[in-house]
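Positions are given from 1 along the sequence.
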Amino acid sequence: MTSYAETETPASRVLYINSDNATTIYNNKDTDFEFVLEEPIVVPTHHAILASVYSAEIPYSFYNFEIGRNTLLDYQISGFGNPANYVDVGGRDTFNFTPAGGCYRFIVPEGNYTPPTLANVLKAGILTAPAGVPCLDIKYNPVKQKFEFVCIVPGVRCTFGLQNGLFSGLDGDDINEEIGFDLNNIQGDPFFELALGAPPFPWNNGYTRPPLVVPGVGIDINNGPFPTQNYLLADDVADMNSAIRSLFIRTNLSSQSVLDSFIGGGFSNIFCRVPLNALPGETLRIEPRNGDIHKLLLKTKTITSVSITLTNQRNRIIDLNGLNFDVSIKLDFVAVKDLPEPMNVREQIDKKIAEKDLERIKEDKEAEKLKEKKKSKKKK
């Protein structure tokens, strides 16, 4: 093994891995695999490894809207001024999906969307029944970066169910954050729905239009005048990348060097963060000049295999839709000295107190000696 004479440590090694060469694939995803090394990497005695991502090339072939992650939008059609139809499910109110409930589900086709294109897809997909015509006019306001909604069918109210996806067991099923509504803090709009004698439901997002279309103004359910085309703004700015804010490369090599707020600040198997620094259809890259920064100390003595998983910030596996990616890992060998275990805080405090006591005793003895000398001189 080649080594540096100055430091007496082995030379660095770089391990290049292509996902297409995986030994074992998990979860039917090319982005979750294990690669077994033909020649194991053995760490010399009294040495450890500093590991870092040297480079990576990942195709931006994943979708920011994916089935089962953020494509679900439940809505309900009711008469003007009438609240939506709810039923109790496990102590919580949700839409009534029985034939008489008037509830419908729209699934956004998978793909990469901009706010304007998503507005067009939603507008075409949210229909009245049985007429089968668009119920809402949906626009994207580029100045406010928010979606705008208005009901365009006379005598109809359309209500969004933005938390129904929670009942499927998948956090993030709903399209709420992408169109500007927080999952856990849905504020609703001016047309609040009230149960009989109960406070507002958590999904108070109803868009209505008076039953009579007249020039100028109409009357809303609160008996206030408003223009016929009264668009309502979403609560928050649209977030097309809410589901995939960043990519994370996770490995079985990661040590206790990375903390993740998604799991409450505990230790994570995150090895490297991959920023979204390219457009869909291009390639995300980590270059050697900026990839070899954060290094993890590995105390393992033998590396026989490397497991790699590509996830989003919520630790959900990314689907590259059939494409492969490359990652190279740099391994630096460092000498490890046997250092005494550091004292804990209590021991450090006790040591300082003991040192001060010894210093005070020493000072007292010096003072006593000086006093005795003075007495001896007076007697003479």
What do you reckon, are the aromatic ring centroids of F248 and F271 less than 6.0 Å apart? no
Closer than 4.0 angstrom, basic N to acidic O: yes or no for [X] and [Y]?
{"X": "D32", "Y": "K29", "value": "no"}
{"X": "R314", "Y": "E177", "value": "yes"}
{"X": "D236", "Y": "K146", "value": "no"}

Can you tell if the side chain of [X] reaches within under 4.5 Å of the side chain of [Y], non-hydrogen atoms only?
{"X": "E66", "Y": "D319", "result": "yes"}
{"X": "N269", "Y": "T251", "result": "no"}
{"X": "S19", "Y": "T31", "result": "no"}

Minimum-distance pair of heavy atoms, taken over all atoms of [X] and [Y]:
{"X": "C272", "Y": "I286", "answer": "SG-CD1, 3.5 Å"}
{"X": "E57", "Y": "P59", "answer": "O-CD, 4.1 Å"}
{"X": "G180", "Y": "A234", "answer": "O-CB, 3.9 Å"}

To the nearest 0.5 angstrom, please state how far the [atom1] atom of [X] sits from the [atom2] atom of [Y].
{"X": "N70", "Y": "E178", "atom1": "CG", "atom2": "CD", "answer": "4.5 Å"}
{"X": "N21", "Y": "N324", "atom1": "CG", "atom2": "CG", "answer": "8.0 Å"}
{"X": "I175", "Y": "L72", "atom1": "CD1", "atom2": "CG", "answer": "9.0 Å"}
{"X": "F325", "Y": "L284", "atom1": "CZ", "atom2": "CG", "answer": "11.5 Å"}
{"X": "N64", "Y": "E110", "atom1": "CG", "atom2": "CD", "answer": "11.0 Å"}
{"X": "T283", "Y": "N277", "atom1": "OG1", "atom2": "CG", "answer": "10.0 Å"}

Is K144 atom NZ crowded by more than 12 heavy atoms from other residues, nucleotides or ligands, each under 6.0 Å away?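 No, the 6.0 Å shell around NZ holds no more than 12 heavy atoms from other groups.
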Worked verdict on D332 versus R13 for salt bridge (charged side-chain N to carboxylate O under 4.0 Å, His left out): CA-CA 7 Å; D332 292 314; R13 291 189 179 184; over 6 Å; no
Which class fits the ring pair F62 and Y60: parallel under 30°, tilted 30 to 60°, perpendicular over 60°? parallel
Please report, to 0.1 Å, the donor-acceptor pairs under 3.5 Å made by any side chain of residues 33-41, with sequence neighbours excluded.
unit_1, atom_1, unit_2, atom_2, d
E34, OE1, Y26, OH, 3.1
E34, OE2, S305, OG, 3.1

Does any N or O in the side chain of N312 come within less than 3.5 Å of the main-chain N or O of R316, such that one atom is a donor and the other an acceptor? yes
